[in-house]
K.L.:
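Before we start, here is the structure in question, set down as structure tokens.
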2 protein chains.
Amino acid sequence: MKKKTTIKDIANVLKITPSAVSRALHNHPRISDKTKAAVKKVAKELEYQPNQLASALRSGKSKLVGVIVPRTNSHFFSSVVENMEEELNKKGYNVIFTQSNESYDKECRNIETLLQTQVDGIIASLTNETVDFSHYEKIKAKEIPLILYDRGDNDIGVDYIGIDDYKSSHIVVDHMVEQGCKRIAHIAGYRHTRIYNNRIKGYIDALEKHNLPLEKELILEGDLTVEGGRQKMEELLKLPQRPDGVYAAGDYAALGALQVLLENNIKVPEEIALVGFSNEPFTSLVTPAISTIYQHNEQIGKLVAKQFLKREKDKTWKPQLNKIILDAELIVRASSKKKE
Amino acid sequence: MKKKTTIKDIANVLKITPSAVSRALHNHPRISDKTKAAVKKVAKELEYQPNQLASALRSGKSKLVGVIVPRTNSHFFSSVVENMEEELNKKGYNVIFTQSNESYDKECRNIETLLQTQVDGIIASLTNETVDFSHYEKIKAKEIPLILYDRGDNDIGVDYIGIDDYKSSHIVVDHMVEQGCKRIAHIAGYRHTRIYNNRIKGYIDALEKHNLPLEKELILEGDLTVEGGRQKMEELLKLPQRPDGVYAAGDYAALGALQVLLENNIKVPEEIALVGFSNEPFTSLVTPAISTIYQHNEQIGKLVAKQFLKREKDKTWKPQLNKIILDAELIVRASSKKKE
DNA sequence: TATATTTGTTCAATCGTTTGAGCAAATGTA
DNA sequence: TACATTTGCTCAAACGATTGAACAAATATA
């Protein structure tokens, strides 16, 4: 039943006041080096652990950052979060982490609870459902930093870190053309989600750049699940003239497509080349390994954390749209290597 | 620059004291229904949000639970955490979540920071490295609930929730024998990790149960990575007499084994059946889909949360070893279906 | 009617730390 | 020597909520 030691205990031992102890521990210039040393020694002896709650209450800073993640069972998000945490921990912040599970309601509730917990800032990526952004205004009203990543680039008018989806499609198409593809199909996500729309636009413009004709029946919008990928691939195989390359806007869809191709004894990449998107771990594990777009997960995590720390420091900053867009990177694997 | 409303503000509006407001909000029996209603009305009007920090400081309860996860980029852990969070949120707890990244040092630091944040309890799964448990004694000393899951069953003498690894091996071997396997190899994890040791013991005893001879060269210990699985599988293929079934103690190793089998044009499951462990998502995605052990991720998450809530409620509880062991479930897929 | 009990509230201390103001002693400046 | 500045600390009031004790008013009991 041993009590936690407080600054008061340290003060008693040294016959000074708690205020002096507090200042000593924070290296206040008006405390003598002698006292500082003595305080720190006693603090160590008594195993003093500052009570963050008390300090948070008094100073108004909880040293907690709230993070909202759409899902954790995606490699992209979990590695983003991992790096964010690391960076923030270094600066003495802890991360409270919540999942929205792609549900708008849950996202709203997450914001509620995070604000209630008096977090010093919020880092979020929107759910696919989110089209109304009023709940984010609450955060802005509290005047704490709000940083978005991956989803929600233009929506709320704050800092945003993500990759360039439009350009990513260019990179993919450039690569496939370079490998000899002449008719590239696109298994796309739904247009109403901005990132998928950008990928579609990038795909279209890249075709034009390479003087390839745009064929409507080669763009197939759908949900990017394994099953979705299978269906779209089957449709593509039924076309009078088959494509010689397939660019899927998601890895799961790419996997579904690959399964169908292999089941039909179509050689990948010789007959049809395949590229996915996101660098989910399994892409390197299947045979043939799937080429895909790597979104710099780690770097996004770190950049988000740094942006938060920057905003947190500068009290005068007023929220405004500020995008940091990273170039994605193509990882070329067997599924798209027609040439050696 | 609008200030947050406090109970004091509500008190001023109604010309009563903050204590009355506090009690009204908590439905204290000695506050009249009239006052309660009035307080709640004003609270709503002023958009009152209780300051958790203040309440935590005074009451000594932060309503935060610290969770330590070895890694998040594993499907098992992320779904465990997801369900844990949901269950705890329901009861008004927030989750502070930290990763140890399988590093002992990081684990120690995680505990430090969690304790510093004054969490009401800690939920943890040990890293593979952890063999010294003294840092966990600190948690026990603080007399806050400590619940372990998946890793660390007997080590610390507290509540533990996990699956029965020994029995899981029996289930796997039973199934393979039933499918007609006569010589089952085991690509095992290192014995010094308890769960892997239990899987090995289960494998051995199950063979005996089925009157199958135990052949030393069919047990191959190693790290259960894709590459590790590949190597072990290659060793197995070099044996004078090949096994007709392979039970890998991890899905990644199973995948590596599968790759080698397919590269050698060995028919799976006809010539060699294959079973993995953990139900990582990719096991259902590869061809043939890999049979594996499902660890009831969701249920473990929920049970851990419930156990925490139970301990949190009962102040008189003294930590003692208390294991909840779930039976794992075999998911039979193509890779082990020799019979129809 | 006098006393006991219940009801509804106020009072004041407290959780542990931070922080502006205050003040004496030490040091610097003229 | 006299005054200004700096140094090193103390004092006391916060931060916002909770809680045991106190107390007046209302109600019940004898």
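Chain letters run A, B, ... following the sequence lines, proteins first and then strands; every chain starts at 1.
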K.L.:
Which nucleotide sits closest to the side chain of A:N51: C:dG16, D:dT18, D:dT19?
P.N.:
C:dG16
K.L.:
Between B:K90 and B:E87, does any side-chain N to carboxylate O distance fall below 4.0 Å?
P.N.:
yes
K.L.:
Of the nucleotides C:dA21, D:dT19, D:dA17, which one has an atom closest to the side chain of B:A54?
P.N.:
D:dA17
K.L.:
Starting at atom CD1 of A:I16, determine the distance to atom P of D:dG8, rounded to an integer number of angstrom.
P.N.:
13 Å
K.L.:
Which listed nucleotide (D:dG16, D:dA21, D:dC11) is nearest to the side chain of B:R58?
P.N.:
D:dG16
K.L.:
Does D:dG16 have OP1 or OP2 under 4.0 Å away from a side-chain N or O of B:T6?
P.N.:
no
K.L.:
Indicate whether any N or O donor in one side chain lies under 3.5 Å from an N or O acceptor in the other, for A:S22 and A:S19.
P.N.:
no
K.L.:
Determine, for B:K302 against B:E298, whether the closest basic-nitrogen to carboxylate-oxygen distance falls under 4.0 angstrom.
P.N.:
no
K.L.:
Quiz question: going by heavy-atom distance under 3.5 Å, is there a donor-acceptor pair between the base of C:dT10 and the side chain of B:R23?
P.N.:
yes
K.L.:
Which residues in residues 31-44 of chain A have at least one heavy atom lying under 4.0 Å from any atom of DNA chain D?
P.N.:
A:I31, A:S32, A:T35
K.L.:
Run through A:V65, A:D120, A:I139 and flag the one making a side-chain contact (heavy atoms from CB on, under 4.5 Å) with A:I144.
P.N.:
A:I139
K.L.:
Within this structure, what is the CD-to-P distance between A:Q52 and C:dT18, rounded to whole angstrom?
P.N.:
10 Å
K.L.:
Side chain of B:S19: nearest nucleotide among C:dT9, C:dA12, C:dG16?
P.N.:
C:dA12
K.L.:
Mind calculating the distance between CD (A:Q116) and C1' (D:dA17) to the nearest angstrom?
P.N.:
14 Å
K.L.:
Send over the distance from A:L53 CG to D:dC15 P, rounded to a whole Å.
P.N.:
18 Å
K.L.:
Calculate the interatomic distance between B:L25 atom CG and D:dA17 atom P; express it in whole Å.
P.N.:
9 Å
K.L.:
Go through the N and O atoms of the side chain of B:R30 and the base of D:dG20, and report whether any donor-acceptor pair is under 3.5 Å.
P.N.:
no
K.L.:
In terms of relative ring orientation, are B:F97 and A:F97 parallel, tilted or perpendicular, with 30° and 60° separating the classes?
P.N.:
parallel
K.L.:
Return the minimal non-hydrogen interatomic distance between A:Q295 and A:D150, and the atom names on each side.
P.N.:
OE1-OD1, 4.0 Å
K.L.:
Please report the distance, rounded to the nearest Å, between CD in A:Q49 and P in C:dG16.
P.N.:
14 Å
K.L.:
Nearest whole Å is fine: how far is D:dT10 P from A:K8 NZ?
P.N.:
15 Å
K.L.:
B:I10 has an atom CD1; how far is it from atom C1' of C:dT9, in whole Å?
P.N.:
17 Å
K.L.:
Any carboxylate oxygen within less than 4.0 angstrom of a Lys/Arg side-chain nitrogen, looking at A:E137 and A:K140?
P.N.:
yes
K.L.:
For B:S59 and for B:A20, locate the closest nucleotide of DNA chain C by heavy-atom distance; then report the residue assigned to the nucleotide nearer the 5' terminus.
P.N.:
B:A20
K.L.:
Would you mind telling me which of C:dT9, C:dT17, D:dT10 lies closest to the side-chain atoms of A:Y48?
P.N.:
C:dT17
